[in-house]
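Below is one structure, written out as structure tokens; the observations come after it.
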Amino acid sequence: MSDHKYDHQKTEEKWLQSWEEQALFCDSDLDLSEDEQKDKEYLLYAFAYPSGSGLHVGHVEPKTALDIQARFKRMNGKKVFFPVGWDAFGLPAENYAIKTGIHPRETTKSAINTFRRQVKRLGISYDWNSELATNHPGYYKWTQWIFQQLYRKGLAYQGEGKVNWCPSCQTVLANEQVVNGLCERCDSQVTQKDLKQWYFKITDYKDELIDGLKKVDWPNPTKNQQINWIGRSEGAEVDFLIKTNENSNSDQEKLSIFTTRLDTILGATFMVISPEKFEEKNLARFLSATNKPKVQDYIKLAYKKTEEDRKIGEKDKTGVDTGLMIINPFNQEEIPLFVADYVLGGYGTGAIMAVPAHDERDLAFALKFGLAVKEVVVDGKLVNSAEYNGLTSQEAIKKMLAAHPDFARSSINYKLRDWLISRQRYWGAPIPVVYDPEGKAHLVKEEHLPWLLPDDVDFNPTGESPLRSSKEFKARVEKLYGKGWTPEYDTMDTFVDSSWYYLRYCGARDESQFADKKRLQTWMPVDLYLIGPEHIVLHLLYSRFFTKFLRDEGYLNLPDGEPFGKMRHQGMILGPDGKKMSKSKGNVINPDEIIKEYGADTLRVYEMFMGPLEADKPWNPRAVAGVSRFLRKIYRLVTLEIAKHKDSSLELLENRTELLQKLHWAIQKLTLDLPELKYNTAIAALMEFSNVWEKMVNSRQILLKKEELIDFIKLLAPLAPFITEELYDQARVLGLEMKESVHLDSWPKYNQSFLQKEETTLVIQVDGKLRAEMKWSTNQLDEKIAIIEHAKGLESMAKWLDGKNIQKEIYVPGKIINLVLA
RNA sequence: GCCGCGAUGGCGGAAUUGGUAGACGCGCGAGACUUAAAAUCUCGUACUAGCGAUAGUGUAAGGGUUCGAUUCCCUUUCGCGGCACCA
């Protein structure tokens with residue numbers, strides 16, 4: 001008899017090589033017939049940034065989860081497109097270059113090589129023919145092309161924008177590099193600096209970005225996050241007047257506020273303006289000599305804070321009294337004007353009326369500065385509001401707007417801002433713009449795309465964009481456009497790269513267009529997008545914006561304009577200590593080591609078994625061994641069964657009902673759970689079946705017919721592709737007709753007749769507490785009266801029912817009986 | 001601070017159109033095999049009381065709706081993700 005031990009290392013490498021030779025999943029033919037298109041399945045994993053430290057067990061989870069989906073769908077006859085790529089531009093490679101002098105191109109290349117090797121070792125069935133990397137000129141040519149299309153439509157424009165600036169390092173800092181307002185490298189105080197930068201006008205699509213969410217199958221919380229981010233709110237704009245001493249009526253300064261609670265306007269006891277708006281309107285000219293320096297000091301201080309600090313610091317509110325008085329147009333009341341940074345310059349009108357009785361932030365501010373609190377809505381009705389008393393909030397708003405069109409009008413505000421894409425960095429796609437000697441911007445001519453990222457660049461921070469140090473770049477522009485012309489030195493935000501990669505997959509090698517039009521038609525939209533929760537807002541919003549824009553330009557026939565039909569999220573794999581894995585905590589698990597010790601199948605199945613895909617889950621080294629045990633047991637059981645079939649003296653076991661019930665139950669469970677990505681319960685079902693099987697294994701008779709044995713192998717194949725391929729191969733001796741690979745075979749079917757039991761267990765409760773059980777024939781579960789009578793007559797029920805009055809009898813068919821006493 | 005999510009045995013988790021809480025795995029305990037160990041297998045394992053049958057308690061805390069709540073509603077606590085230049 002053969003040895004039933006499984007050598008994972010040898011076996012996995014054998015099949016890896018075999019799959020590679022057969023090019024099993026590189027369906028170079030992405031051009032489907034119309035008939036085949038109905039069965040298309042485009043599976044997308046948020047492509048990864050290839051970090052220098054290699055693949056992380058956290059990467060393994062979503063890749064495996066989608067791979068299982070890909071294999072399951074293929075076995076169910078779908079045409080699967082499962083591409084792979086690398087989000088290869090970005091800050092870490094550049095920072096590494098500053099530190100070591102090694103060019104980001106080199107580190108990125110070797111990081112991608114490492115990732116590619118590791119991903120292949122996991123047995124992820126990607127279509128490598130469509131592989132792409134955003135730093136490749138063949139890719140970023142089209143990133144630049146999209147920039148140019150946006151520019152032509154007026155959706156890319158230049159404006160002033162603030163950046164975090166470290167005066168000591170002489171460099172722009174990412175928010176991530178600012179820690180408590182200090183530079184992470186040198187601990188200097190970070191300041192804000194104004195720069196002329198490029199923006200994409202995503203706000204043109206704000207309403208469609210909200211409405212489109214109705215058309216997609218995304219988790220509701222994700223939709224809500226997007227909706228709240230766009231932050232559409234309906235309200236009113238009201239003009240207040242600043243009371244100044246110099247002028248009487250003629251040119252009184254207007255100050256507009258936006259409010260969603262116009263009904264509370266008679267409860268406004270002060271007004272707050274943002275530092276930015278105060279400066280913009282030059283209100284300092286009205287200040288008294290004593291107030292002026294005070295206010296200006298405050299504004300200076302506020303400007304030093306980053307926006308995030310301002311938002312987070314909201315609970316400890318700061319502000320300064322300007323000494324100016326503002327006139328509420330609804331009752332001519334004079335209220336004081338404060339400058340405070342809890343009001344943001346960029347939202348609404350940059351000024352608010354403060355109603356401390358009905359707004360928590362205003363209340364906190366009022367309490368700190370000793371300001372009046374006036375209640376104007378009680379039990380849903382207005383009070384202290386003159387002619388509006390007694391009205392509901394809604395009625396009051398309507399009446400107020402109707403009565404005073406001269407200074408109050410309804411208005412809709414959005415939190416969404418335009419997308420700032422300029423980065424003063426090297427490792428990104430150059431913005432394809434040149435400036436003429438007068439400083440006017442022109443697009444780089446299309447024949448000059450890709451507008452190559454220069455190589456002769458000094459990465460060390462000098463206070464200016466790194467591309468400025470390239471002689472080649474300047475010379476190139478003068479040569480192509482004329483003397484005195486200069487390039488744009490900034491590069492694009494890496495979010496621009498990642499906003500359209502799922503389109504580029506449909507034609508990754510196409511040099512004549514951003515993607516193959518026919519393949520876009522075939523494969524878009526994406527059928528399942530799996531991304532981490534950290535991408536919920538920005539990446540998805542930007543991608544949807546790009547898709548809608550390209551559709552509007554006629555490049556994409558996608559009526560909904562929604563790129564991702566169904567989307568789900570994976571959770572985070574935490575360290576064994578339950579904390580986020582990080583080098584500094586020393587709790588990082590390396591997938592290579594797990595593969596070496598247990599094999600890729602174990603790693604895959606373990607990660608899928610840890611818990612629900614979307615949950616954060618801590619790593620448990622011992623539980624990995626448990627999964628390995630499970631797979632080795634399967635190997636033992638299957639090879640033993642194959643051996644039994646070869647022994648002609650053995651016969652099929654007669655009473656196999658329990659085993660077959662469990663098998664068909666498991667087939668059903670996996671058929672339902674796998675498409676729902678409920679892998680943890682699917683694996684549990686396979687374990688339950690193998691437990692039943694194992695208990696019978698000492699029998700000298702055959703337990704599973706040949707076909708049933710193959711069905712079981714197929715059931716496990718999407719989850720553990722290596723060991724199942726090996727077992728499938730060994731099962732060829734059974735002489736059944738089989739495919740070249742288990743992964744090309746079809747998904748097993750379950751037989752309903754094994755799933756129905758003759759008797760059903762009913763639970764009997766008294767006052768909602770479990771007291772007894774009874775069995776009842778499954779096809780007579782609608783006999784309510786007989787069932788309740790039987791339950792009441794049970795011997796074990798006597799002690800609960802004797803001498804008691806039953807007030808109510810509840811029967812839930814097939815489930816419970818509840819007898820309610822007093 | 002704002003937006004979103006979560007909390008179930010010693011641990012990861014299972015169960016929700018409201019109907020037997022704890023599937024499956026880990027760990028732990030006992031046993032079998034073995035000279036022994038490893039490996040493997042069998043049985044047990046929420047908590048409290050009891051030899052046991054059994055009874056009571058129990059899904060972060062408090063309250064509510066219901067015949068019945070892990071599931072629905074309200075309040076609170078704690079934890080996680082995002083907050084526009086990390087990707």
Side-chain angles (χ1 to χ4, degrees), chain A residues 5 46-49 51 87 89-92 161 163-164 172-178 219-229 231 307-308 310-317 342 360-361 364 415-425 493-495 497-498 532-539 541-542 569 571-572 574 578 580 606 609-612 614-627 629-630 632-633 636 680-681 683-688 691 694-695 697-698 761-770 773 807-810 812 814-821:
Chain A
K5 286 259 169 56
F47 66 170
Y49 177 79
S51 77
D87 192 9
F89 276 135
L91 200 53
V163 294
N164 300 314
V172 174
L173 297 178
N175 284 345
E176 190 191 45
Q177 298 172 297
V178 181
N220 274 326
T222 301
K223 291 185 183 182
N224 288 336
Q225 286 264 83
Q226 291 237 324
I227 289 168
N228 292 334
W229 185 264
E307 190 174 341
E308 189 156 349
R310 277 169 64 172
K311 281 188 280 183
I312 289 166
E314 251 192 36
K315 57 185 159 185
D316 188 25
K317 292 196 169 44
Y342 81 93
E360 277 186 49
R361 289 163 305 174
K415 287 207 181 95
L416 183 69
R417 307 197 297 248
D418 279 339
W419 175 12
L420 195 169
I421 61 134
S422 295
R423 296 292 181 269
Q424 296 70 43
R425 300 191 196 290
D493 178 7
T494 56
F495 269 125
D497 309 325
S498 59
E534 70 276 16
H535 291 299
I536 281 176
V537 174
L538 295 177
H539 165 64
L541 219 43
Y542 296 152
H569 307 298
M572 204 191 309
L574 306 170
K580 201 170 174 168
Y606 170 63
F609 185 59
M610 288 172 89
E614 66 278 10
D616 295 344
K617 300 157 289 254
W619 189 269
N620 179 349
R622 286 187 172 154
V624 184
V627 169
R629 211 144 51 215
F630 163 67
R632 277 180 282 140
K633 177 161 88 184
R636 226 170 32 242
N680 54 333
T681 50
I683 293 164
L686 290 170
M687 287 173 169
E688 281 192 55
N691 287 344
E694 184 176 42
K695 293 218 169 71
V697 84
N698 285 334
T761 303
L762 295 174
V763 168
I764 307 167
Q765 297 182 335
V766 176
D767 284 333
K769 286 189 177 155
L770 174 70
E773 287 180 358
Q807 300 286 324
K808 203 169 174 183
E809 295 167 348
I810 290 159
V812 181
K815 285 185 176 154
I816 65 144
I817 298 139
N818 190 10
L819 304 171
V820 185
L821 302 178

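To find a chain, count down the sequence lines: A is the first, B the second, and so on, and within it residues start at 1.
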Would you classify Lys415(A) as touching base, sugar-phosphate or nothing, given that sugar-phosphate means primed atoms plus P, OP1 and OP2, and contacts are heavy atoms under 4.0 Å? base
Write down the distance between CG (Leu574(A)) and C1' (rG81(B)), rounded to a whole number of angstrom. 12 Å
Table of protein N/O atoms under 3.5 Å from nucleotides 14-16 of chain B N/O atoms:
residue	atom	partner	partner atom	Å
rA14(B)	OP1	Asn680(A)	ND2	2.8

Nearest heavy-atom approach of Asp87(A) to Thr494(A) is OD1-O, 4.3 Å
Polar atom pairs between nucleotides 25-34 of chain B and protein, under 3.5 Å, N or O only, would you list them?
residue	atom	partner	partner atom	Å
rG25(B)	OP1	Asn691(A)	ND2	3.0
rC26(B)	OP1	Arg629(A)	NE	3.4
rC26(B)	OP1	Arg629(A)	NH2	2.6
rG27(B)	OP2	Arg629(A)	NH2	3.4

Shortest side-chain distance from Leu420(A), nucleotide among rU40(B), rC3(B), rC85(B): rC85(B)
How long is the line joining CD1 of Ile536(A) and C1' of rG6(B), in whole Å? 13 Å
Options rU42(B), rG4(B), rC86(B), nucleotide nearest the side-chain atoms of Asn228(A): rG4(B)
As a test of reading the structure: which of rC43(B), rA87(B), rC85(B) is closest to the side chain of Thr494(A), going by heavy atoms? rA87(B)
Choosing from rA87(B), rC41(B), rC85(B), which nucleotide comes nearest the side chain of Leu538(A)? rA87(B)
Test your reading of the model: is there a side-chain donor-acceptor pair from Lys617(A) to the backbone of Phe609(A), 3.5 Å cut-off? no
Looking across every strand, which nucleic acid part, if any, lies under 4.0 Å from Glu360(A) by heavy atom: base, sugar-phosphate, or nothing? nothing
Could you check whether His535(A) gets within reach of a base, just the sugar-phosphate, or nothing at all, counting any heavy atom under 4.0 Å? base
Measuring from the side chain of Phe495(A) (C-beta onward, heavy atoms only), which nucleotide among rC3(B), rC85(B), rA87(B) has the closest atom? rA87(B)
What protein N or O atoms touch nucleotides 64-67 of chain B N or O atoms at under 3.5 angstrom, if any, and at what distances?
residue	atom	partner	partner atom	Å
rC67(B)	OP1	Lys808(A)	NZ	3.4
rC67(B)	O2	Asn818(A)	ND2	2.4

For RNA chain B, stems built from three or more consecutive Watson-Crick or G-U wobble pairs below 3.5 Å: B:1-7 with B:77-83, B:10-12 with B:24-26, B:27-32 with B:40-45, B:46-49 with B:54-57, B:60-64 with B:72-76
Of the nucleotides rC85(B), rU40(B), rC24(B), which has the atom closest to the Arg425(A) side chain? rC85(B)
What's the closest nucleotide to the Thr761(A) side chain, out of rU20(B), rA84(B), rC5(B)? rU20(B)
Options rG81(B), rC24(B), rG4(B), nucleotide nearest the side-chain atoms of Ala684(A): rC24(B)
Applying a 4.0 Å non-hydrogen cut-off, can you work out what Ser498(A) is touching in the nucleic acid: base, sugar-phosphate, or nothing? nothing
Could you check whether atom CD of Glu694(A) has more than 12 heavy atoms from other residues, nucleotides or ligands sitting under 6.0 Å from it? yes
Annotated protein contacts, base or backbone, on nucleotides 70-76 of chain B with a non-hydrogen cut-off under 4.0 Å, one of B, S, - each: -------
So Trp419(A), base contact, sugar-phosphate only, or nothing? Heavy-atom distance under 4.0 Å. nothing
What does Leu416(A) touch in the nucleic acid at a heavy-atom separation under 4.0 angstrom: a base, only the sugar-phosphate, or nothing? base
Determine whether any donor atom in the side chain of Gln424(A) lies under 3.5 Å from an acceptor atom in the base of rC85(B), or the reverse, and answer yes or no. yes
Is the phosphate of rC2(B), meaning OP1 or OP2, less than 4.0 Å from a side-chain N or O of Arg361(A)? no
Send over the distance from Met610(A) CE to rG12(B) P, rounded to a whole Å. 11 Å
Relative to its sugar, using the 90° cut-off around 0, the base of rG9(B) is syn
Counting primed atoms, P, OP1 and OP2 as sugar-phosphate and everything else as base, the B/S/- map of nucleotides 52-58 of chain B against protein heavy atoms under 4.0 Å is --SSSS-
Value in whole Å for how far the P atom of rG13(B) lies from CZ of Phe630(A): 20 Å
Report yes if at least one side-chain N or O of Arg417(A) is closer than 4.0 Å to OP1 or OP2 of rA84(B); otherwise report no. no
